[in-house]
Structures are given as structure tokens and as C-alpha cells.
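Contents: one structure, followed by commentary.
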Protein chains: 2
Amino acid sequence: MNEPDSSGILNLDNQICFALYAANRAVTARYRPILDQLGITYPQYLVMLVLWEHARQGQVTHVSDLGRRLRLDSGTLTPLLKRLSERGLLSRSRDPGDERSVIISLTDAGLALEDQARDVPARLLCDLNLPPERLGALRDELRAVLEMLEAGSAPNARSSL
Amino acid sequence: MNEPDSSGILNLDNQICFALYAANRAVTARYRPILDQLGITYPQYLVMLVLWEHARQGQVTHVSDLGRRLRLDSGTLTPLLKRLSERGLLSRSRDPGDERSVIISLTDAGLALEDQARDVPARLLCDLNLPPERLGALRDELRAVLEMLEAGSAPNARSSL
DNA sequence: CGCATTTATCTTGTGCACAATATAATTTTG
DNA sequence: CAAAATTATATTGTGCACAAGATAAATGCG
């Protein structure tokens, strides 16, 4: 292994990025059969989580709120919300107070789906089969990385080349 | 509606899955401007990493090798490899010993690109700005999760709530 | 007020991911 | 050996992600 790249800098297994990439897809794959029973995809589930949360607190949800929370832009959200709308889980309407904005409202079916979703996290954690404190620590580390990346928006301050 | 989920089980921020999802996209976004300079995307970069690794060790690479290593199927790899081929970084040819298999060979340009890629990890780590030991620990945790998910293929044994 | 600017969303185009299916070559079996 | 089963890749269709550009409403300013 002492060849051109002996230090293994370019070794796939050494890269945190690949671990993140592969773990994310593996977790999403675990969600799939569970969410299939609710008739939604994983990104759609994340959107529904925010909508349920806002509904519980009597908050109105605009598309931009979803974008801020999930870090997604309208190019992703618009078609996704249209699909959820077609499935009858929510409705989209212009905000009378600001005709540029679209208000996303859960339908009765969308609200009712929360009951069916309530055991999704438990079923997934059961799949993951790791002690909760380890998962909590991992989540906090991931949040730290996320914060770091979103705060330090120096997108190439020092190009060491 | 019984309890409006005040325990926060369905709270977005409590979910490790979202941390993973958001962190992965944030890291990929950091790679983007760096990899743009090489003219490749992030999944293409991962493929190239494997190809460079095999080239260093004099190993032949089949499409199936890439799939095993990156956990991707041919539906993802075939078009991705075609794009890399169009960019002149690799060539695809049937294995004479088994006409079902396709051998992926780096072109001179593909091999040469490794030199330009050598500082990519350093530039990204600089962006991440976290102590290496913390990143190493995070990577190991992610690998543990990945292993768990790939080993325990009990895809819904118990729905414990 | 009128016009430039900003803001919120939509649209278009590219590139993954992945399920499902197709095709063709190889291996296994009877 | 020939039919059946397996294996490797390719194709098709759906659904994200995200960049870039378009549209229309709201805001700011002289």
C-alpha cells in the first residue's frame, strides 16, 4: 500500500464524506418500507413533520418556512408539495395578505396521518438497534457539522492550491 | 386526536435521520465548488476514488465492483459512467472473459486527474474546521450505523411502540 | 405616484437514487 | 447437450436536489 498515494488521503474509506453519504442512504432505505405504508416518501415525511408541528402550535406554514427548516429550495419543494396535494394530504393557496406567498394547509387526511406516523421513529430506532445515548451523541455531532457548514459560509476563502 | 405529541417524538429536530440528511447535503454542497474545478460531481468523485485506488494496485474494475463498494446499482452507475466516459475520463468495454461484465478503464486524462484531486480532502477538511479526532470519531460512528443497517437486514421484525 | 429592487414562487434542465423490468451471457441441471 | 436458473448490465419511470432563469407581487425611493 506504499504507492503513489501511500498516506491514503484519497482512500474512500478514510473519507468522512463517504461515511455520511452511505449512512444517509442506508437510513433512508430503512425508512422506505415503513413510509410506504403511509404512502409517502422520506422527504415528504420530513415536510409532513414540519406541518404537523406547526399545526400543533396553530402556526400557518408558508413554502418558505419549509425551505428554511429543511434547507430546501422551491425547485425541490414545489413539485413535492404538488404531489402531496394530489394525494389529498394538503392544499396550497395564495396568502391573501401577500399574493406572492403560498400557504400550505393540512387537509383532514393530512392531519389524520400523524396518528399513523407516531410509531415511525420507534420502528426505525428498533431497526438501528443502537443505544439511544450513542444515537443522541451522533445526532449532536452531525448538528455541529451542519452548523459549522452553515455558519462559516467562506465557500473557498483559502484554496490551498 | 389524543395527545398532540407534546413529547416531541415527531419533532424534526429530535430525529437523527434529519441530522444525517441535512449534514450530508451540506457536506456535498461544500464539495461542489471544489469539484467543479475538476469538472465532476460528488458521486462521480466517489467513483473516481475507487478507480484511482484500483489503478494504484493494478486491479481491474468492473461495474459490479463499483456497485459493491459504493452501494449503488446499475441504474445509477450506468448513466454516471457514461457521462464520465463522455468527458474522456474513462472507457467502458466488455470483459472478453465474461461478456456480461463491463470493465471500466481510466484514460490518461482520468489517471492524470488524480493529481488535481489530491488536495480536495484537505480543502474540505479546512472548510469543516473540526478537530481531526472529532471527525474520525464521527466517521467511525457513521460506519457503525452503516454496518448495523447492512448486517441486520431484519426489515421490520418488530414494530415496538 | 412611477420605477427599480427585492421577495416568493414557479419552471426548466441536469444528475443522481432506486424500483421494476428487460436482455443477454454464463452456469447449473436434468 | 438443452432447458432452466443465475448473473451482469442496461433501460424505463418516479422522485428528489439544485442551479439558473422567469414571473409576478410587494417594497423602497426619488
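This one's a predicted model, so the numbers in the text were calculated from it and none came from an experiment. Throughout, a chain's letter reflects where its sequence line sits, starting with A, and its residues are numbered from 1.
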Does [N] have OP1 or OP2 under 4.0 Å away from a side-chain N or O of [X]?
{"X": "A:Thr28", "N": "C:dA17", "value": "no"}
{"X": "A:Arg32", "N": "C:dA19", "value": "yes"}
{"X": "B:Gln44", "N": "C:dG15", "value": "no"}

(request) Could you pick out which residue, A:Arg92 or A:Ala29, lies toward the 5' side of DNA chain C when each is mapped onto its nearest nucleotide? (result) A:Arg92
(message) Assuming nearest nucleotide by heavy-atom distance, tell me which of A:Pro79 and A:Ser101 is located more 5' along DNA chain C.
(response) A:Ser101
(request) Can you check whether any acceptor in the base of D:dT9 is under 3.5 Å from a donor in the side chain of B:Arg100, or vice versa? (result) no
(message) Regarding C:dC10, can its base be found pairing with the side chain of A:Ser74 as donor and acceptor, where the two atoms are less than 3.5 Å apart?
(response) yes
(message) As a test of reading the structure: which of C:dA19, C:dA17, D:dA19 is closest to the side chain of A:Asp73, going by heavy atoms?
(response) D:dA19
(message) Side chain of B:Leu72 only, heavy atoms from C-beta on: which candidate in D:dT9, D:dC18, C:dA17 is closest?
(response) C:dA17
Quickly work out the [X] [atom1] to [N] [atom2] distance and round it to whole Å.
{"X": "B:His62", "N": "C:dA25", "atom1": "NE2", "atom2": "C1'", "answer": "14 Å"}
{"X": "B:Lys82", "N": "D:dT11", "atom1": "NZ", "atom2": "P", "answer": "4 Å"}
{"X": "A:Leu77", "N": "C:dT7", "atom1": "CG", "atom2": "C1'", "answer": "16 Å"}
{"X": "A:Asp98", "N": "D:dA24", "atom1": "CG", "atom2": "C1'", "answer": "11 Å"}
{"X": "B:Tyr21", "N": "D:dG15", "atom1": "OH", "atom2": "C1'", "answer": "11 Å"}
{"X": "B:Arg25", "N": "D:dC16", "atom1": "CZ", "atom2": "C1'", "answer": "10 Å"}
{"X": "A:Leu70", "N": "D:dA17", "atom1": "CG", "atom2": "C1'", "answer": "13 Å"}
{"X": "B:Glu99", "N": "D:dA10", "atom1": "CD", "atom2": "P", "answer": "12 Å"}

(message) Any side-chain to backbone donor/acceptor pair from B:Ser85 onto B:Ser91? Under 3.5 Å, distance only.
(response) no
(request) Would you check if the side chain of B:Thr61 reaches a backbone N or O of B:Ile104 as a donor-acceptor pair within less than 3.5 Å? (result) no
(request) Rounded to the nearest 0.5 Å, what's the gap from OG1 on B:Thr41 to CE on B:Met48? Could you check? (result) 11.0 Å
(message) Once rounded to the nearest 0.5 Å, what's the spacing between atom CG of A:Leu135 and atom CD of B:Glu141?
(response) 8.5 Å
Have a look at [X] and say if it touches a base, only the backbone sugar-phosphate, or nothing, with a 4.0 Å heavy-atom cut-off.
{"X": "B:Leu80", "answer": "sugar-phosphate"}
{"X": "A:Ser64", "answer": "sugar-phosphate"}
{"X": "B:Thr76", "answer": "base"}
{"X": "B:Arg87", "answer": "sugar-phosphate"}

(request) Scan for side chain to side chain donor-acceptor pair (under 3.5 Å) pairs involving residues 92-103 of chain A, sequence neighbours excluded, and state none if there are none. (result) A:Asp98-A:Arg100
(request) For a ring-ring contact (aromatic ring centres under 6.0 Å, His included) with A:Tyr21, tell me which candidate from B:Tyr42, B:Tyr31, B:Tyr45 qualifies. (result) B:Tyr42
(request) Starting from the 5' end of DNA chain D, give me the residue, B:Leu81 or A:Arg83, whose nearest nucleotide shows up first. (result) B:Leu81
